[in-house]
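I have placed the structure first, in the form of structure tokens, so that the comments after it can refer back to it.
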Amino acid sequence: VPQALTADGIAQILRTTALSLHRDFAIPAPRLWVAGLNPHAGESGHFGDEESRIIAPAIAAALALPELRAIKGLRIDGPLVPDAVFRAAVHPPAPSERPDAVVAMYHDQGLIPLKLIDFDEAVNVSLGLSVVRTSPDHGVAHDIAGRGVARPHSQLHALRLCAELARRRAQTSAPAADRR
């Protein structure tokens, strides 16, 4: 994973996430938390330096992008301690401090806590596409296909969210006279 991380790549992920939260989810001032890569977010280089060398510069670069500077009140905090950031996101000191998204550095870093918190209703949303794409976060469940034990909850949530996002996009892209 460390070799795959670049400041430019992370900055683009932060850009895509912030713009999607703002446009598709109608969050006026998105708040993103960015997980570090290493235990204790590197602990000043004792466990790795990717936080100071790659992730922090990526956050600064993202915040300097003109399209993100245009989002008043946008906050991107990090790099944060990866083994504590998800618990803090679910149980913040105050509800107003809850982030709108936590950006993880790799697949399992983000999806293990998500699936632990809400396996049955979690939805995967592909951000930054020209079309809305959602799916059950747990995947297609080939291992239980045809056995009559699958639960539809995540699929139903994925469909509902897809419809909501598609409606919001249609409303925001339609000329003002057509939105009435």
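Source: prediction; values computed, not measured. Note: hydrogens, waters and symmetry copies are ignored here, and every other heavy atom, side chains too, is used.
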Quiz item: Between Ile10 and Met105, is a side chain to side chain contact (heavy atoms under 4.5 Å, CB included) present by the stated rule, with each step listed?
Solution: CA-CA 8 Å; Ile10 295 169; Met105 291 300 111; 3.8 Å; yes
Practice problem: Mind listing the closest non-hydrogen atom pair of Arg151 and Asp120 along with its distance? | Solution: NH2-OD1, 2.5 Å
Exercise. Could you note down all residue pairs passing salt bridge (Lys or Arg N to Asp or Glu O under 4.0 Å) where residues 93-110 supplies at least one of them, sequence neighbours left out?
Key: none
Quiz prompt | Val125-Leu14 co-clustered via ILVMFWY side chain contacts under 4.5 Å | solution = yes
Quiz item: Looking at Val102, Asp77, Leu74, which one forms a side chain to side chain contact (heavy atoms under 4.5 Å, CB included) with Leu32?
Solution: Leu74
Practice problem: List the atom of Ile55, the atom of Ala35, and the distance in Å for their closest heavy-atom pair. | Solution: CD1-O, 4.1 Å
Quiz prompt | For Glu51 against Pro79, the heavy-atom pair lying closest together | solution = CB-CG, 3.6 Å
Quiz item: Among all residues two or more places apart in sequence or in another chain, which pass the side-chain contact (heavy atoms from CB on, under 4.5 Å) test with Thr16?
Solution: Ser20, Leu127
Quiz item: Which atom names give the shortest non-hydrogen contact between Ala89 and Trp33, and what distance separates them?
Solution: N-CZ3, 3.4 Å
Quiz item: Among the clusters formed by ILVMFWY side chains lying less than 4.5 Å apart, do Leu5 and Leu80 turn up in the same one?
Solution: no
Quiz prompt | Criterion side chain to side chain contact (heavy atoms under 4.5 Å, CB included) on Phe119 and Asp137, from CA distance to verdict | solution = CA-CA 8 Å; Phe119 184 83; Asp137 194 58; over 6 Å; no
Quiz item: Which pair of heavy atoms, one from His22 and one from Ile71, lies closest together, and at what distance?
Solution: ND1-CG2, 3.8 Å
Practice problem: Specify the closest pair of heavy atoms between Ser154 and Val123, including all atoms of both residues, with the distance to one decimal. | Solution: O-CG2, 4.2 Å
Quiz item: Would Val103 end up clustered with Ile76 when hydrophobic side chains under 4.5 Å apart are linked, directly or stepwise?
Solution: yes
